[in-house]
**Student:** 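For reference, the structure I am asking about is given below.
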Number of protein chains: 2
Amino acid sequence: MREKTERIVREWTDACDAEVSIAVLGGAWKPSILSLLGEHDVLRFGELSRLLLEPTARVLTRQLRELEDDGLITREVYRQVPPKVEYRLSDLGRGAQPLVDTLTRWGGEYAAHQRRMLAAPASVGDDERQKESVPQ
Amino acid sequence: MREKTERIVREWTDACDAEVSIAVLGGAWKPSILSLLGEHDVLRFGELSRLLLEPTARVLTRQLRELEDDGLITREVYRQVPPKVEYRLSDLGRGAQPLVDTLTRWGGEYAAHQRRMLAAPASVGDDERQKESVPQ
DNA sequence: CGGGATCCGTTTCGATACTG
DNA sequence: CAGTATCGAAACGGATCCCG
């Protein structure tokens, strides 16, 4: 487990369990990585890199390490030339798939909703924080 | 919408919709805030502050503003002395409740699983990244 | 009561260059 | 191919003081 994850698992009360999920899945690219590994079963470093539209190797490596440390994916190194490294979901990672799917679905709906908002010319009486009115 | 949220909604491809969810819900205390507003229907600033075990006012204010900007909660100001401000879920926020619940459930299970790992004395052959072995 | 202003340390992201 | 090393910029969480 990452130190950060461990701290949160230890110290936070049950009331905020959702924060644990955010701590584990909240890094850049992480949900996408889990999603792709869910679809493809096994992926090499370079394949992940291309599918994700090229985050820098530095960044991708760190996210993968963190997911590994938190137990969601496994990393298998083939000591050969040229090197080859395979990533898969662990049991824990497969257990997270429904959550990732839910994140994907809600995020898609939210993005679609907001894109409609962006497309629509701001109409009079639109809701740009006009609640500064005086209800009482 | 926050600038950050808007950037992500605009620029990311559909393949990474989950990142949108993380962008919106990924701040400290945010899932907890939504959770509490789901339970209590309406809460004042001070009530939220106490229920969350006292984040500083500065931090709580910022998270509430971001959630408001992203359209998940509403803020109603009563111009009286002493002041009174009420927070509620918006329609968008109510729509996020199933997602928050899923985050809470998975986070709870993950935390329980990892706490068992922490409690168990590390047994021989435990999995602290021993995959550096040579499969081929 | 419900903040705003200011400041700061840490974390995180990301670009560039290099390597077994 | 799959990284590592180094560096800079920015975002974030948080403390402290002040205010209508």
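In this text the structure is predicted, and so the values were computed from the model without any measurement. Each chain gets a letter, A, B and so on, in the order its sequence line appears, and its residues count up from 1.
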**Student:** When the distance from CG of B:Leu60 to C1' of D:dT16 is rounded to whole Å, what number comes out?
**Tutor:** 17 Å

**Student:** Salt bridge or not between A:Lys4 and A:Glu6? Use side-chain N to carboxylate O under 4.0 Å.
**Tutor:** no

**Student:** What are the two closest non-hydrogen atoms of A:Leu92 and A:Gly71, and how far apart are they?
**Tutor:** CB-O, 3.3 Å

**Student:** What's the CZ-P distance between A:Arg65 and D:dA2, to the nearest Å?
**Tutor:** 12 Å

**Student:** Rounded off to whole Å, could you give me the CD-to-P distance for the B:Glu86 and C:dC1 pair?
**Tutor:** 15 Å

**Student:** Can you give me the closest heavy-atom contact between A:Leu67 and A:Val24, atom names plus distance?
**Tutor:** CD2-O, 4.1 Å

**Student:** I need a per-nucleotide contact map over nucleotides 7-12 of chain D, read 5' to 3'. Cutoff is protein heavy atoms under 4.0 Å; write B for the base, S for backbone only, - otherwise.
**Tutor:** -----S

**Student:** Assuming nearest nucleotide by heavy-atom distance, tell me which of B:Thr61 and A:Ala57 is located more 5' along DNA chain C.
**Tutor:** B:Thr61

**Student:** Which part of the nucleic acid, if any, lies within contact of A:Val59, taking any heavy atom under 4.0 Å across all strands shown: a base, the sugar-phosphate backbone alone, or nothing?
**Tutor:** base

**Student:** Do A:Ile22 and B:Lys30 have side chains that get closer than 4.5 Å, going by heavy atoms?
**Tutor:** no

**Student:** Using whole Å, what does the distance between atom C1' of nucleotide D:dG3 and atom CZ of A:Arg50 come to?
**Tutor:** 15 Å

**Student:** For B:Arg2, is there an ion pair with B:Glu66 - N to carboxylate O distance below 4.0 angstrom?
**Tutor:** yes

**Student:** Mind calculating the distance between CD (B:Gln80) and P (C:dC1) to the nearest angstrom?
**Tutor:** 12 Å

**Student:** For B:Arg44 and C:dC1, give me the distance from atom CZ to atom C1', rounded to whole Å.
**Tutor:** 7 Å

**Student:** Is the distance from OP1 or OP2 of C:dG3 to the nearest side-chain N or O of B:Tyr78 less than 4.0 Å?
**Tutor:** no

**Student:** Taking five pairs at each end of the helix from C:dC1-D:dG20 to C:dG20-D:dC1, what angle separates the two helix axes (nearest 10°)?
**Tutor:** 50°

**Student:** Using whole Å, what does the distance between atom P of nucleotide D:dG14 and atom CH2 of B:Trp29 come to?
**Tutor:** 7 Å

**Student:** Got a sec, which residues hit salt bridge (charged side-chain N to carboxylate O under 4.0 Å, His left out) with B:Glu3, two or more places apart in sequence or on another chain?
**Tutor:** B:Arg7

**Student:** Taking the six-membered ring for Trp, are B:Trp106 and B:Tyr110 parallel (under 30°), tilted (30 to 60°) or perpendicular (over 60°)?
**Tutor:** parallel

**Student:** Using only heavy-atom distances, determine whether the side chains of A:Thr104 and B:Asp17 contain a donor-acceptor pair under 3.5 Å.
**Tutor:** no

**Student:** Where the side chain of B:Pro83 is defined as all heavy atoms beyond and including C-beta, which of C:dC1, D:dG14, D:dC1 is the nearest nucleotide?
**Tutor:** C:dC1

**Student:** Are any non-hydrogen side-chain atoms of A:Met1 and A:Val9 less than 4.5 angstrom apart?
**Tutor:** yes

**Student:** Rounded to the nearest Å, what distance is computed from the CD atom of residue A:Glu76 to the P atom of nucleotide D:dC1?
**Tutor:** 20 Å

